Amino acid sequence: MYPTVAEVLALPVLRQGRPHVVAGSAGLDAPVRWAHVAEVADIAHLLRGGELVLTTGVALPDDGPSLARYVADLAGVGAAGLVIELVRHWSDKLPGALVDAAEKHGLPLVTLSRETRYVSVTEAVNGQIVDAQVAELRAAERVHETFTALTVAGAEPGVVLGEVARLTEQPVVLETLSHEVLAYDAAGVDPAELLAGWPARSRVVQIGERTGYHPGSGWLVTVVGARGHDWGRLVVVCADQPPHRHRVVAERAASALAVHRLVAKDSDGLERQAHRAVLAELLASPAPSAELLARASALAVPLTGRQLVGLAVRPRLLGNRPALSTPPVLRELAEATVLAARRAKVSALVGTDELGVRALLALSPEANVDAVLHRLATDVHDARSSAPGVLAVGTTVLSPAEARRTLLEAGQVAAAALGSADERVLHRLSDVRLRGLLHLLEGDERVTAFATRELGPLLQRDAGSGSRLVQALRHYCEQGGNKSAAAVAAHTSRTAYYQQLARIEQVLGVRLEDPESMLSLYVALLALDITRPSEEDSPGRGAQ
């Protein structure tokens with residue numbers, strides 16, 4: 001908002017006086033708050049700091065100690081500089097004591113070799129300052145209007161940060177108090193460079209106020225929170241001392257973010273949203289970019305040089321039936337998973353999807369994967385004892401490029417495990433066997449065609465007559481062809497059940513005692529469970 005001493009000296013009204021800096025050149029970047037004409041030596045106590053003092057020197061003393069004290073007093077109150085006209089008192093050069101004192105205190109000392117109209121100088125400088133102040137006020141008013149509109153509209157953090165980047169033309173980062181990056185806008189710079197080593201860099205940046213500038217890092221930092229609960233920091237990255245309007249922008253943005261969190265308290269927190277976004281990109285990117293790896297690291301989950309394990313958690317009601325994945329259930333599952341990962345001292349990306357919780361565990365190279373997974377799974381089950389869930393993991397991989405594979409495997413294993421009665425603590429790909437293979441082939445048109453070809457006539461018969469032949473076949477296959485046990489499982493008399501089996505053989509044109517026929521039909525039933533999960537005949541869903 002204020003011009004520097006160097007900028008003032010460049011004004012035409014001063015350039016015509018042929019200004020020459022004779023001492024204190026290191027202070028030429030000092031801001032000039034006001035231009036003040038003073039023809040008395042005892043002026044320092046009347047100043048407030050930041051003034052550029054203009055004088056002809058006629059009232060200044062000639063002895064060295066008095067001149068040194070004069071300069072020391074000006075520097076002591078924070079004067080921006082001293083301009084002396086070499087016309088009336090000194091016409092050739094300034095006394096050495098005056099020059100030495102100015103250099104000692106870093107006070108810019110400037111001479112004018114021509115007579116200069118100081119009134120024109122003060123009009124030009126002070127007019128420029130007033131114009132800048134008015135412009136700053138108008139800019140602050142526009143900032144206020146902008147962020148008020150964003151607050152009222154309940155703008156998402158990404159939108160708020162985008163506005164900060166637009167108004168300041170600087171990168172901006174929203175982090176937690178534990179220095180994990182929740183959102184950012186790189187404002188055109190390389191995101192990987194912006195986020196590289198973020199947690200470690202952020203920990204050393206401490207300010208003693210809610211908003212402050214840290215010169216060492218070049219960060220303008222403001223605390224984010226409301227109602228006495230601070231939960232994050234907003235960082236505007238600017239190499240130079242930011243203008244006042246940037247502080248206003250940061251503070252208004254922090255207020256908008258705090259209000260958004262209060263209003264959106266029933267939805268996923270910003271941490272989960274940030275984790276979910278990284279997981280989604282890992283699933284969509286066979287080769288993770290440097291930016292994506294930097295984002296994960298900025299969330300305190302480094303992916304390089306780690307053992308990576310995909311994890312999927314799916315809710316399940318009593319009776320081994322899939323539960324409805326409502327937002328409260330998903331948030332509870334995610335919270336239990338995050339807490340379990342912390343207890344196991346494991347870095348993890350944890351996010352929710354439409355089915356449950358998806359996570360990527362990043363373990364150190366020395367970690368015992370099996371021991372860590374068993375502890376984590378046990379903790380999640382203990383936290384969800386009233387509403388059990390299925391935990392599944394993918395293959396352990398050693399490269400971020402393979403993160404997608406282990407995440408997909410975990411989801412496929414979880415889906416397969418939901419269809420079984422196995423209540424083990426943790427499910428792996430090797431545990432779900434044939435059902436797992438069919439889940440890996442989910443979406444393959446050939447599997448769907450096979451199930452339709454094998455069971456189509458039976459499905460049509462049930463749909464047309466209201467019979468339960470598919471369910472009867474399911475019991476027969478699940479009991480390994482033991483008709484008596486299947487009848488008991490179906491809660492049907494042997495005579496009635498045997499009649500159902502005879503009708504199945506008639507409709508399908510096969511002999512159920514034939515091992516290959518029974519195997520083909522059972523595989524078709526499992527494929528049907530996967531391709532038509534909402535069907536009444538899915539495991540555990542149909543009437544007995």
Side-chain angles (χ1 to χ4, degrees), residues 314 316-322 388 390 392 412-442 444 446-463 465 467-544:
R314 299 288 185 263
R316 180 163 65 182
L317 295 178
L318 297 177
N320 294 327
R321 292 185 299 165
V390 167
Q412 291 159 348
V413 172
L418 275 175
S420 71
D422 192 339
E423 296 187 3
R424 67 182 67 203
V425 173
L426 189 66
H427 297 265
R428 303 173 187 272
L429 195 58
S430 59
D431 299 326
V432 292
R433 308 182 72 185
L434 177 59
R435 194 183 299 273
L437 173 63
L438 291 173
H439 273 276
L440 289 175
L441 298 175
E442 181 181 1
D444 191 314
R446 292 170 295 182
V447 175
T448 304
F450 171 77
T452 302
R453 184 170 62 249
E454 290 288 314
L455 299 174
L458 211 59
L459 291 168
Q460 293 174 6
R461 179 65 174 267
D462 281 354
S465 65
S467 59
R468 307 281 296 174
L469 298 182
V470 172
Q471 190 65 15
L473 176 62
R474 187 185 300 281
H475 287 302
Y476 179 79
C477 293
E478 289 176 348
Q479 298 302 321
N482 187 321
K483 297 180 181 179
S484 298
V488 173
H491 301 289
T492 306
S493 68
R494 290 187 182 183
T495 302
Y497 186 72
Y498 291 171
Q499 291 175 350
Q500 286 182 316
L501 294 181
R503 198 170 299 117
I504 291 172
E505 290 182 328
Q506 180 185 10
V507 172
L508 295 180
V510 299
R511 292 180 62 254
L512 294 179
E513 288 84 358
D514 178 42
E516 185 174 344
S517 293
M518 186 178 72
L519 176 60
S520 293
L521 291 171
Y522 188 46
V523 171
L525 286 170
L526 294 178
L528 182 68
D529 295 342
I530 297 169
T531 58
R532 302 168 67 178
S534 63
E535 285 293 318
E536 183 181 7
D537 290 312
S538 292
R541 291 176 183 257
Q544 301 297 320

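Worth saying up front: this structure is predicted, and the values here are computed from it rather than measured.
- Here the NE2-CG distance, from H475 to L501, works out to 11.0 Å after rounding to the nearest 0.5 Å.
- Sorted pairs that involve residues 484-493 and meet salt bridge (charged side-chain N to carboxylate O under 4.0 Å, His left out), not counting sequence neighbours, are lacking altogether.
- Interatomic distance, CD1 of I504 versus OG of S467, reported as 9.0 Å (0.5 Å rounding).
- For the atom pair L458 CG and Q506 CD, the distance stands at 11.5 Å (nearest 0.5 Å).
- Summarising the geometry of Y522 relative to C477, their closest heavy-atom pair is CD1-CB, 3.5 Å, with the distance given to 0.1 Å.
- Closest approach of V447 and A527 over heavy atoms only: CG1-CB, 3.7 Å.
- Checked options V470, D462, L521; the residue passing with L455 is L521 (criterion: side chain to side chain contact (heavy atoms under 4.5 Å, CB included)).
- Residues passing the side chain to side chain contact (heavy atoms under 4.5 Å, CB included) test with V425 are A377, T378, H381, sequence neighbours excluded.
- One distance of note links CG of L469 with CZ of R461; it measures 6.5 Å at 0.5 Å rounding.
- The nearest pair of heavy atoms linking A496 to T492 is CB-CG2, 3.6 Å.
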N/O donor to acceptor pairs below 3.5 angstrom from side-chain atoms of residues 507-518, sequence neighbours left out:
residue : atom : partner : partner atom : Å
E513    : OE2  : K483    : NZ           : 3.2
D514    : OD2  : S517    : N            : 3.3
D514    : OD2  : S517    : OG           : 2.9

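- Separating the CZ atom in R468 from the CG atom in L473 is a distance of 13.0 Å, to the nearest 0.5 Å.
- A heavy-atom distance below 4.5 Å is found between the side chains of V390 and H427.
- Atom CZ of residue R474 and atom CG of residue L528 lie 6.5 Å apart, to the nearest 0.5 angstrom.
- Applying the side-chain hydrogen bond (donor to acceptor under 3.5 Å, both in side chains) test to pairs two or more places apart or on separate chains, none has a residue in residues 493-503.
- When every heavy atom of L418 is checked against every heavy atom of R314, the shortest pair comes out as CD1-CB, 3.7 Å.
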